[in-house]
Amino acid sequence: MSTDCLQALHRVRQWLQDAHHIAMLTGAGVSAESGVPTFRDAQTGLWAHFRPEDLATVEAFRRNPPHVWAWYAERRTQMRDVLPNAGHRAVADFQRRHPGRLTLATQNVDGLHQRAGSPGVLALHGNIFEDQWLEPCALARRAQDGCTVEQAEAGQPPRCGQCGNLVRPAVVWFGEMLPAAALAEAEQAAGRCDVMLVVGTSGAVYPAAGLAHLARARGARVVIVNPHPSELDDVADEVLAGPSAKLLPQLLEF
Ligand code: BV8
């Protein structure tokens, strides 16, 4: 690591040690070293000619439920077989050593922060392993809440046995509101933190990416951990150009 990088790392570590409260926003890059393709990696195989933004919408699901359901089924299979990496573990270990000092908001739907042991993860974009109804249902909001889900033929999304609702993944699609409580808590943490760590995100998706702007506007130091340039670099006080599984343990082991 160059002298400049080492100096930047030590500077950020000092900011974190002096911080009363740390806010953290993670994106798909924090799971890259666990083997989860990032959201904007070139789609592989069957999905090579689809943009995620064109699949992760209610309209796409209504238009062709089996098509979108198959994309999620493939991603669930990918994500079921992976494990949290050293970056996820460094965050969870820090939270265990310093209860209440770090608020973690993630854009990821893979559940890896939760599996690493992080408490109170603010899952801004939901959880790919959970299902919900496509339409609001008087009986239940989530397939797990008591309605009977009838298995569908191969490739088709299941339906509710009572209300006939289509089952969809419990993730936030483009054009959908984020979970209000989680977003409000993330905004509160961004507004009162001394340091905001922005890890593994292109900063392309709002309102999640707006948390970095909010932290900056309220006077926090903003630090980016990302091996490549991102759309949030211009609001950062420091950009640590490297992989999170390597840098997070170096930043948080105190
Ligand atoms: C909404 C779940 C109200 C589904 C996802 C301004 C304000 C408000 C809204 C908007 C706005 N401008 C535009 C919008 C609309 C839209 C939006 O942001 N569009 C973008 C494309 C411009 N936002 C919305 O629709 C949101 N809803 O605002 O509601 C509303 C309603 C109607 C109309 C207007 C407003 C909902 C957004 C949520 C979408 N759902 N995921 C699913 O997963 O299938 S978003 C999806 O992208 C993932 O959650 C992902 O996490 C997220 C962001 O991507 P990244 O995580 O950053 O991943 P990416 O691949 O881009 O980058 C990876 C990074 O990792 C790279 O930088 C790479 O360099 C780095 N990296 C790689 N390896 C490593 C690494 N970093 C560290 N270590 C490594 N080893």
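Whatever order the structure lists ligands and atoms in, that order sets their numbers, starting from 1. Along the sequence shown, the residues carry numbers beginning at 1. On a predicted model such as this, the values are computed, not experimentally measured, just so you know. We use all heavy atoms of the structure for the numbers below, so side chains are in, but hydrogens, waters and symmetry mates are not.
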Next item on the list: Specify side chain, backbone, both or neither for A204, according to which of its non-hydrogen atoms lie closer than 4.0 Å to ligand 1.
Entry: backbone

Check: Should one rank G175, P229, A209, G203 by closest heavy-atom distance to atom 32 (C) of ligand 1, which comes out on top?
Finding: G175

Next item on the list: Output the list of atoms in ligand 1 that are nearer than 4.0 Å to some heavy atom of A32, sorted by atom number.
Entry: 73 (N)

Notebook entry, point to check: Can D110 and R75 be counted as an ion pair, charged N to O under 4.0 angstrom?
Noted result: no

Checklist line | Ligand-side contact atoms (ligand 1) for residue partner G27, heavy atom cut-off under 4.0 Å | finding: 56 (O)

Check: For ligand 1, which atoms sit closer than 4.0 Å to a heavy atom of Y72?
Finding: 4 (C), 42 (C), 44 (O)

Note to self: Counting only heavy atoms, tell me which of W71, Y206, W173 gets closest to atom 26 (C) of ligand 1.
What the structure shows: Y206

Note to self: Looking at R62 and E135, is there a salt bridge between them, counting it only when a charged N and a carboxylate O are closer than 4.0 Å?
What the structure shows: yes

Notebook entry, point to check: Parallel, tilted or perpendicular: which describes the rings of W173 and Y72, with under 30° parallel and over 60° perpendicular?
Noted result: tilted

Item checked: F61 and H67 aromatic centres sub-6.0 Å -> no

Notebook entry, point to check: Quick one: does L55 get a heavy atom under 4.0 Å from ligand 1?
Noted result: no

Margin query: Closer than 4.0 angstrom, basic N to acidic O: yes or no for E238 and R11?
Written below: yes

Item checked: Atoms of ligand 1, numbered as shown, that sit under 4.0 Å from any heavy atom of T38 -> 60 (O), 63 (C)

Check: Between M177 and ligand 1, which residue portion shows a heavy-atom distance shorter than 4.0 Å: side chain, backbone, both, or neither?
Finding: both

Note to self: Regarding atom 1 (C) of ligand 1: of the candidates E53, E176, H125, which has the closest heavy atom?
What the structure shows: E176

Note to self: Given I224, T26, V172, L247, identify the one with the heavy atom nearest to atom 4 (C) of ligand 1.
What the structure shows: V172

Notebook entry, point to check: ligand 1 versus V199, non-hydrogen atoms closer than 4.0 Å: side chain, backbone, both, neither?
Noted result: neither

Margin query: Counting only heavy atoms closer than 4.0 Å, does ligand 1 sit against the backbone of S202, its side chain, both, or neither?
Written below: both

